[in-house]
Engineer: 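Next up is a structure, given as structure tokens.
All chains are named by letter (A, B, ...) in the order of the sequence lines, taking the proteins before the strands, and each is independently numbered beginning at 1.
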Amino acid sequence: MRNYIEELRWRGLLHDSMPGAEEQLAKGPQRGYIGFDPTADSLHVGNMVQIMMLVHFQRCGNTPIALVGGATGMVGDPSGKSSERNLLDEDALRHNQACVQAQLERFIDFTGTNAAELVNNYDWFKDMGFLRFIREVGKHITVNYMMAKDSVKNRLETGISFTEFSYQLVQGYDFYWLYKNKGCNLQMGGSDQWGNITTGTELIRRMGGEEAVSNPAFAITTPLLTKADGSKFGKSESGNVWLDAKRTSPYKFYQFWLNVGDEEAAKCLRIFTTWEQERIESIERDHKKLPHLRIIQRELGRDLTARIHGDRAMNHAVVASNVMFDEEAVDGLLTLSREDLLTVFEDVPSKEIERSTFESGVSIVELLCDKTGFLASRGEAKRALKEGSISMNKRKVGDGVSVTSSDLLNGDLLLLQRGKKNYFLVKVVG
RNA sequence: GGGGAGAUACCCAAGUGGCCAACGGGGGCAGACUGUAAAUCUGUUGUCUCACGACUUCACAGGUUCGAAUCCUGUUCUCCCCA
């Protein structure tokens, strides 16, 4: 059986662990949990590190427990937040939980010998009255202890509500509950969760009695992944990169990985794939020989896109990327069937235009602006044409061009392009 | 309550009667280079017009003037100081 801590170490996933955690894991299969916030109805790339922690945990023979924070999501974690959060209502939370659960099932095995388990802390909190909570749980932790946590300290100047102040106790109780009821004595999380997790182990120590002495609870945290420039990993220009295809299409998802910088890409390969060290190092060597091919990024993109959206969607994303960015694919574009064209450009904004428009020819400016709305104004369209940034069916066009039926691909499609990355598809109807 | 400063385009910020569609910087977009990268260089960044040019725009509403972002009056908002 592979050693979980060793695995985390070489993959660069280990930031900190409580003394004794490694020894405990060496004793045999363990149960460990990670909490996920149901603040949206989809997980995003930023959650992937924690998902992979559970994946590796399971691969090492342990039993992962994924906790959906139905209750904690109603409170709001002050960690890393500079201001008070808005509370979600119960309906929204329920919906989000269901979606998050479905996504987790794509990564972790919920069947078999060490089947993963999914729990929702709302289930043990919904009937817990306030008085019972402060008597049974709050009694064991001092305010002094709670105030010493960074997440709280950082908010003392600007203010923190009692609700968010209590957050660590609520999360701490989760750990205790899982320890008591599910035999779970390990909690994992990002390094920003250290404070919350240790409140949990502290609570277990104080509430767990004899058992907690012979079988203590441990914490393991992962480093926070950042880009080379220090900014948050997992965001594109257009915001979060989601796992839900409705929010981030497979094409955009694939593109995100393709555009990861070299420094992060090597790290990502270790963190996000389950490949062996040898294979990863071999890919890295190949990449270094021919960096412009961006072998790491392509491997990453293919693996992750396939795992989340399936092989079919991944292949579409790869083909679409080739057509859109490979200059040599220009001729290929002309030979693609209408169906393939529509698949390749399914992500591209499009508009239907009457066939009659093209019969006597339409000026390129009018087409770019008035007819399609691709560019905001005629002035902008002319400017872009003058700058040489407009292409039609992958060929540069200048001002004064008139577009006719003979320019249409397959007789009814026209591909407009500004720069390298902005496409617009005209569908001719009628 | 009294006194002072200010409100300019996506952001910061110059401009205090015509040379202002408005300096400069950031950001955005594009071009060159390249690896769909980084760095760098270049162009561009109110609307309409092929263009001359026209129109709208400097918190809001009026006014003075041949002419206002710029002067006057009022309104709203922001900041600072004194009580």
Engineer: The side chain of A:His292 is closest to which nucleotide in this list: B:rG35, B:rC50, B:rA37?
Structural biologist: B:rG35
Engineer: Quickly, which of A:Val241, A:Ile296, A:Asp303, A:Val45 forms a side-chain contact (heavy atoms from CB on, under 4.5 Å) with A:Trp257? Name it, please.
Structural biologist: A:Val45
Engineer: Is the number of heavy atoms from other residues, nucleotides or ligands under 6.0 Å of A:Lys288 NZ greater than 12?
Structural biologist: no
Engineer: Consider the side chain of A:Ser321, meaning its heavy atoms from C-beta on, and name the nucleotide among B:rU49, B:rG31, B:rU36 that approaches it most closely.
Structural biologist: B:rU36
Engineer: Looking at side-chain heavy atoms only, is the closest gap between A:Thr222 and A:Met53 below 4.5 Å?
Structural biologist: yes
Engineer: Is there a donor and acceptor pair closer than 3.5 Å between the side chain of A:Glu387 and the base of B:rG31?
Structural biologist: no
Engineer: Whole-Å distance between B:rU36 P and A:Arg298 CZ?
Structural biologist: 8 Å
Engineer: Counting only side-chain N and O atoms of A:Lys420, is one of them less than 4.0 Å from OP1 or OP2 of B:rG31?
Structural biologist: no
Engineer: Paired with B:rG62 by Watson-Crick or G-U wobble geometry, both distances under 3.5 Å: which nucleotide is it?
Structural biologist: B:rC72
Engineer: How do A:Asn422 and A:Ser377 order along RNA chain B: which one's closest nucleotide is nearer the 5' end?
Structural biologist: A:Asn422
Engineer: Please report the distance separating the C1' of B:rA21 from the corresponding atom of B:rA14, rounded so that it comes out in whole Å.
Structural biologist: 15 Å
Engineer: Just name whichever nucleotide pairs with B:rA38, Watson-Crick or G-U, keeping both distances under 3.5 Å, else none.
Structural biologist: none
Engineer: Would you tell me if any nitrogen or oxygen in the side chain of A:Arg383 comes within less than 4.0 Å of OP1 or OP2 on B:rG31?
Structural biologist: no
Engineer: Does A:Gln255 reach a base, just sugar-phosphate, or nothing at all? Heavy atoms under 4.0 Å.
Structural biologist: base
Engineer: Using only side-chain N and O atoms of A:Arg418, determine if any of them is under 4.0 Å from OP1 or OP2 of B:rC29.
Structural biologist: no
Engineer: For B:rU36, take OP1 and OP2 only and decide whether either is under 4.0 Å from a side-chain N or O of A:Arg294.
Structural biologist: yes
Engineer: How far does the P atom of B:rA7 sit from the matching atom of B:rG67, given to the nearest Å?
Structural biologist: 25 Å
Engineer: Base, sugar-phosphate, or nothing: which does A:Gly261 touch, judged by heavy atoms less than 4.0 Å apart?
Structural biologist: nothing
Engineer: Assess the side chains of A:Glu117 and A:Thr63: does a donor N or O sit below 3.5 Å from an acceptor N or O?
Structural biologist: no
Engineer: Under a 3.5 Å limit for both distances, which nucleotide forms a Watson-Crick or G-U wobble pair with B:rG6, could you say?
Structural biologist: B:rC77
Engineer: Write down the distance between CG (A:Leu375) and P (B:rU45), rounded to a whole number of angstrom.
Structural biologist: 15 Å
Engineer: Do you know which two heavy atoms are closest between A:Asn422 and A:Phe374, and how far apart they sit?
Structural biologist: O-CZ, 3.6 Å
Engineer: Could you tell me the separation between the NE2 atom of A:His287 and the P atom of B:rA37, rounded to a whole number of Å?
Structural biologist: 14 Å
Engineer: Taking the same atom, P, in B:rC19 and in B:rG53, what whole-Å distance lies between them?
Structural biologist: 14 Å
Engineer: What integer distance in Å separates A:Phe374:CZ from B:rC29:C1'?
Structural biologist: 12 Å
Engineer: Taking only the P atom of each, what is the distance from B:rU47 to B:rU36 in whole angstrom?
Structural biologist: 32 Å
Engineer: Between A:Lys382 and A:Asp399, is the closest basic N to carboxylate O distance under 4.0 Å?
Structural biologist: no
Engineer: Expressed as a whole number of Å, how far does the C1' atom of B:rA22 sit from that of B:rU70?
Structural biologist: 12 Å
Engineer: How many whole angstroms separate atom NZ of A:Lys396 from atom P of B:rA30?
Structural biologist: 10 Å
Engineer: Look through every strand shown and name the nucleotide pairing with B:rU44 as Watson-Crick or G-U wobble, where both distances are under 3.5 Å.
Structural biologist: B:rG28
Engineer: Pick the nucleotide of RNA chain B nearest each of A:Gly388 and A:Lys382; which residue has the one closer to the 5' end?
Structural biologist: A:Gly388
Engineer: Hey, does the side chain of A:Lys386 come within less than 4.0 Å of B:rU44's phosphate (OP1/OP2), counting only N and O?
Structural biologist: no
Engineer: Given the rule in the salt bridge (Lys or Arg N to Asp or Glu O under 4.0 Å) test, do A:Glu6 and A:Arg9 qualify, once you have shown the distances and angles that lead to the verdict?
Structural biologist: CA-CA 5 Å; A:Glu6 272 310 310; A:Arg9 236 176 230 139; 3.1 Å; yes
Engineer: Given atom CD1 of A:Ile390 and atom P of B:rU44, what is their separation to the nearest angstrom?
Structural biologist: 17 Å
Engineer: For atom C1', what is the distance between B:rC11 and B:rG27, given to the nearest Å?
Structural biologist: 7 Å
Engineer: Taking the P atom in each of B:rC20 and B:rG46, what is the distance between them to the nearest angstrom?
Structural biologist: 16 Å
Engineer: Taking only the C1' atom of each, what is the distance from B:rA83 to B:rG17 in whole angstrom?
Structural biologist: 40 Å
Engineer: Mind checking if A:Leu258 touches a base, just sugar-phosphate, or nothing, with heavy atoms under 4.0 Å?
Structural biologist: base
Engineer: Quickly work out the A:Gln417 CD to B:rG31 C1' distance and round it to whole Å.
Structural biologist: 14 Å
Engineer: Mind calculating the distance between CD (A:Glu380) and P (B:rU45) to the nearest angstrom?
Structural biologist: 11 Å
